2 protein chains.
Amino acid sequence: MATRPMYEVIRGDLLDQITAGALPPEARLPSEKELAERYRVSRMTVRQALDALVRERLVVRRRGAGSFVAPQRARSRRLNRLVPFGDEVSEDVVTTEIRRLVQVPPAAVARVLELGETAETVRLVRLRTVGGTPAAVQESWVPVAAAPGLARTELIEGSLYRTLAERCGIAVSWAEQEITACAATKELAGLLGVPQRAPLVEAHRTAHEGSGRPVEHASSWTRPEFPFVVRLDA
Amino acid sequence: MATRPMYEVIRGDLLDQITAGALPPEARLPSEKELAERYRVSRMTVRQALDALVRERLVVRRRGAGSFVAPQRARSRRLNRLVPFGDEVSEDVVTTEIRRLVQVPPAAVARVLELGETAETVRLVRLRTVGGTPAAVQESWVPVAAAPGLARTELIEGSLYRTLAERCGIAVSWAEQEITACAATKELAGLLGVPQRAPLVEAHRTAHEGSGRPVEHASSWTRPEFPFVVRLDA
DNA sequence: GAGTGGTCTAGACCACATG
DNA sequence: ATGTGGTCTAGACCACTCA
């Protein structure tokens, strides 16, 4: 019996009640004391559960008053998260077309991946389509040394990160992304179905595993109808 | 004596040692037990201090091994934070030119600010200049009702948020931002010194106070040499 | 095996919000 | 005045890492 910690259990129960609507936005949660009694657990353990929900912005605490489900607008979707492309963009059907080859990357890419100038990478170029219209081109480089086998595996549902996780044992944990704008080159214009020199959203991302080792560098070009959404905190 | 909580004191001490370099990246911190003894405090209190540093990504824990200062590359600047424009862009000299007037905003802006169709706002248009070259145009709307006095106050160092905080008692706590691309209109091209139809980074932001009430809606157009940088987590 | 962080207890006193 | 969350104690057992 792989027994989860009690604070995880409590957090899960409260999360279920919040997402199911049994605890609607602004509703008061049971007090810490009451939860402690209900779960036959000490108050510190209840606080661990609530701490997690507060960090996830689902709950706010008010000293002297109680803990409350966060107002809807404070929740703001799954922002600043690394999510598969499909989840990023609505509910429409997402398809992916792939080109893949093994090659030595440009020097700038080798540098951010902390590779020597001659190390090989798997280069993936994907065309993402949403509801039938082309939305984005993504070009990724993954060091061959980091993910042996990637060159010979099919991508799981077009998702590089799922493939790295389930086929190569590499868990991407965080990434830094630069977002800017550019004019469509002739090639991008053709792929994305926009006029040459049309404005595109250009992004450059470096993804890392938990240890901090870089495992992917990617560039993407997206039609402006598909903006990036970011949450900022003070 | 406004006595800070002990876990804040401990966190502060460790933070100082990390930023001063006394505890360099990858260095092992004293064990929780040792810190507890040193500060004459229980281990749970030490853990509160370490929890905070872990959330700030300055420290990583390894069960059975110890707690360590996070590797440099995992820290990644002050990302996903609401910072004054000057802090966003390097060390260059930033100047600001301001136009300000009171007017009823477009319907789309009124809606996100949760205002009636006839409510007035302070509209600020700022031209941001970095090292002498124009970098961005920012257009902000702030409800007059939320910030009475804003219409008659000078901005503190060109910063709307500092002014709201120090002159109007409004603490902006978080914002949601949409980033996309557009082609420079004739007017933007003139202000930013780029050709007409040149690609620009376009962003739309709604900022909220802690209570969740929206206090600003802003749009900005930035030359692509000044990208947005975002950190994403799994 | 010794030391580390992960989880948990059963209390306590305090500052604060609300009726 | 009552009840809430904020802070803190002085222990405990466990799972894990490392020498």
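Because only heavy atoms are used, hydrogens play no part in the values below, and waters and symmetry mates are left out as well, while side chains stay in. All chains are named by letter (A, B, ...) in the order of the sequence lines, taking the proteins before the strands, and each is independently numbered beginning at 1. Not measured: the values here are computed from a predicted model.
- Listed for the B:H208 side chain is no donor-acceptor partner under 3.5 Å among the backbone atoms of B:V172.
- Looking at every heavy atom in both residues, A:H204 comes nearest to A:S219 through ND1-OG, 2.9 Å.
- Between B:R38 and B:P30, the closest side-chain pair of non-hydrogen atoms falls below 4.5 Å.
- Across the protein-nucleic acid pair, B:R4 atom CZ and D:dC8 atom C1' stand 17 Å apart, rounded to whole Å.
- Within residues 27-40 of chain B, the residues approaching DNA chain D are B:R40, by heavy-atom distance under 4.0 Å.
- Not a single donor-acceptor pair under 3.5 Å links the side chain of B:S159 to the backbone N or O of B:I156.
- B:A218 and B:S140 get closest at one heavy-atom pair: CB-OG, 3.7 Å.
- Considering only side-chain N and O atoms, B:Y7 lies nowhere under 4.0 angstrom from the phosphate OP1 or OP2 of D:dC8.
- Side chain of A:T153 to backbone of A:G149: a donor-acceptor contact under 3.5 angstrom is found.
- Note that CG of A:L82 is 5.5 Å distant from OH of A:Y161, once rounded to the nearest 0.5 Å.
- The structure places CG of A:N80 at 4.5 Å from CG of B:N80, a figure rounded to the nearest 0.5 Å.
- Contacts between residues 44-56 of chain B and DNA chain C, counted as heavy-atom distances below 4.0 Å, involve B:M44, B:R47.
- The distance from atom CZ of A:F68 to atom P of D:dT4 is 11 Å, rounded to the nearest whole Å.
- Annotation: side chain of A:V142 is not in contact with side chain of A:T121 (no heavy-atom distance under 4.5 Å).
- Between A:S67 and D:dG5, a side-chain N or O to OP1/OP2 separation shorter than 4.0 Å is present.
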_Protein within reach of the bases, or only the backbone? For nucleotides 12-19 of chain D, mark each nucleotide 5' to 3' as B, S or -, using heavy atoms under 4.0 Å._
B--SBB--
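- In this structure, the separation between CG on A:D51 and CD on A:Q48 is 7.5 Å, given to the nearest 0.5 Å.
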